[in-house]
Amino acid sequence: DLGYICEKNNIPFIAFHKECLLMTKKQQEISFNFFSKIFDYKASIAFVFNQTVKEILHKCNLDIKNIITAAPPRLNTMNEIFSKKYEGKKKIVFFSFSPNHAVPGPMNAVNSKDNFNFDFKWKKIFFHTHIEFLKLADKYPDEIFLIKFKGKLKKFDAEAEIKKVFLEEYKKEFPKNIEVAYEEADPYELMMQAKIFISFNSTCIIESGLLDLPILVPNFFEAKSEYKDLALFSNYREEYEIIDDPENFFIAIEKHIISSDFRASDEIKRKRLDLFNKFLTSRYVNYLQDYEKHILKLIT
């Protein structure tokens, strides 16, 4: 409504699209169905993060005068931090994921009081990966482990829930050598602290791929069955270590803890960079200036 009123009165209206990789065909179909139901959407400019989203918006015939691909401005910070040399002790880093991570559209409420009273797409893979991570920390007390949680939802506190399950199943408290971070932490600073990086369905996988790290991506349970069309990285097996068997998740991480001589080949580095360029943007650009250039042109 605001965009409609602004455009009718010749006031520039600029929309910034939420970050959205849309790496699979299924995600793209869901996104198209969602946007194609919107009527009378007007904007002077819509900024989107990649060509895929731009093409979807064009197909929906929305009344947007100019759709521009521009990467998240935070990538300026990434370039600054990644150019530094990190001297601290390296950690095994797990960037956690939320219940419907990378599932397009709003989370669907359910009537049942089971399953935390919302549509938890990744319940099995969520608990398995986190509990196995805690077991590794318990086994290797001299290593530093770090979990970055996505944030506390009203109906699901991820940190509290995995602590409860770990205590119930293994009669053990949360390992003391696990550090916990939330949204306020700078993700790129945490990536720089990693000697092993683990995540699922997240842009951080593409970003951390610019570093010379072993990157492990779980791809089992729901990600290999009912929601396999929503698992983003299952086809990128040269760029990252994709783990299809839940029994191998612990083993794969442990292998890199024991042997710390990982070096990405030039071919792997090139393929990781190609993904970054495809789903984010050119590697070295002043991303904030890119936004400013288009906005200044519009308002002057």
Considering all heavy atoms, the nearest Ser208-Ile215 contact: OG-CD1, 3.5 Å
Test side-chain contact (heavy atoms from CB on, under 4.5 Å) applied to His294 and Asp290, step by step: CA-CA 7 Å; His294 294 292; Asp290 199 26; 3.9 Å; yes
Partners meeting side chain to side chain contact (heavy atoms under 4.5 Å, CB included) with Lys139 (sequence neighbours left out): Phe250, Glu254
Under the side chain to side chain donor-acceptor pair (under 3.5 Å) test, residues paired with Ser259 that sit two or more places apart: Asp261
Neighbour count above 12 (heavy atom, 6.0 Å) for Glu173 CD: no
Hphob cluster co-occupancy, Leu273 + Met78, side-chain heavy atoms under 4.5 angstrom: yes
Tyr4 side chain vs Ala43 backbone, donor-acceptor pair below 3.5 Å: no
Contact check, side chains of Phe233 and Met23, non-hydrogen atoms, under 4.5 Å: yes
Residue list, ring pair (Phe, Tyr, Trp, His ring centres under 6.0 Å) with Phe200, at least two apart or on another chain: Phe97, Trp122
Validation row, ring centre Phe166 to ring centre Phe133 under 6.0 Å: no
Salt bridge (Lys or Arg N to Asp or Glu O under 4.0 Å) contacts touching residues 44-55 (sequence neighbours left out): none
Check: Leu134 main-chain N/O paired with Asp138 side-chain donor or acceptor under 3.5 Å: no
Side-chain atoms of residues 6-17: list all donor-acceptor pairs with protein atoms under 3.5 Å, sequence neighbours left out, distances to 0.1 Å.
| from | atom 1 | to | atom 2 | distance (Å) |
| --- | --- | --- | --- | --- |
| Glu7 | OE1 | Lys65 | NZ | 2.8 |
| Glu7 | OE2 | Ser44 | N | 3.4 |
| Glu7 | OE2 | Ser44 | OG | 2.3 |
| Asn9 | ND2 | Ile5 | O | 2.8 |

Lys163/Glu159 salt bridge by N-O under 4.0 Å criterion: yes
Single-linkage hydrophobic cluster, 4.5 Å side-chain cutoff, Phe262 and Val93 together: no
Parallel, tilted or perpendicular, as decided by the 30° and 60° cut-offs, for the rings of Phe221 and His128: perpendicular
Pairing of Lys148 and Asp186 as salt bridge, 4.0 angstrom limit: no
Side-chain donor/acceptor of Gln27 to backbone N/O of Thr24, under 3.5 Å: yes
Residues in side chain to side chain contact (heavy atoms under 4.5 Å, CB included) contact with Ser199, at least two apart in sequence or another chain: Phe95, Phe197, Ser202, Cys204, Ile205
Qualifying residues under ring pair (Phe, Tyr, Trp, His ring centres under 6.0 Å), relative to Phe174, sequence neighbours excluded: none
Test log, rule salt bridge (Lys or Arg N to Asp or Glu O under 4.0 Å), inputs Glu143 and Lys195: CA-CA 11 Å; Glu143 296 282 349; Lys195 65 177 180 180; 2.7 Å; yes
Side chain to side chain contact (heavy atoms under 4.5 Å, CB included) involving Glu238 - partner list, sequence neighbours excluded: Lys271
Separation between CG of Leu21 and CG of Asn50, rounded to the nearest 0.5 Å: 7.0 Å
Donor-acceptor contact below 3.5 Å, side chain Arg272 vs main chain Leu211: yes
Partner set under side chain to side chain donor-acceptor pair (under 3.5 Å) for Asp142, not counting sequence neighbours: none
Asp157 side chain vs Ala160 backbone, donor-acceptor pair below 3.5 Å: yes
Pairs flagged by salt bridge (Lys or Arg N to Asp or Glu O under 4.0 Å) wherever residues 204-231 is involved - sequence neighbours left out: Arg74-Glu207
Pairwise salt bridge (Lys or Arg N to Asp or Glu O under 4.0 Å) hits with a residue in residues 79-103, at least two apart: Lys91-Glu179
Under the side chain to side chain contact (heavy atoms under 4.5 Å, CB included) test, residues paired with Val165 that sit two or more places apart: Phe127, Ile131, Glu169
Distance-only polar pair, side chains of His130 and Glu161, donor-acceptor under 3.5 Å: no
Note, Glu189 side chain near Ile81 side chain (heavy atom, < 4.5 Å): yes
same_hphob_cluster(Leu22, Leu62) at 4.5 Å side-chain heavy-atom cutoff: yes
Ionic contact status for Asp274 with Lys278, cut-off 4.0 Å: no
Thr129 side-chain N/O to Ile125 backbone N/O, donor-acceptor pair under 3.5 Å: yes
Side-chain heavy atoms of His58 within contact of Ile67, under 4.5 Å: yes
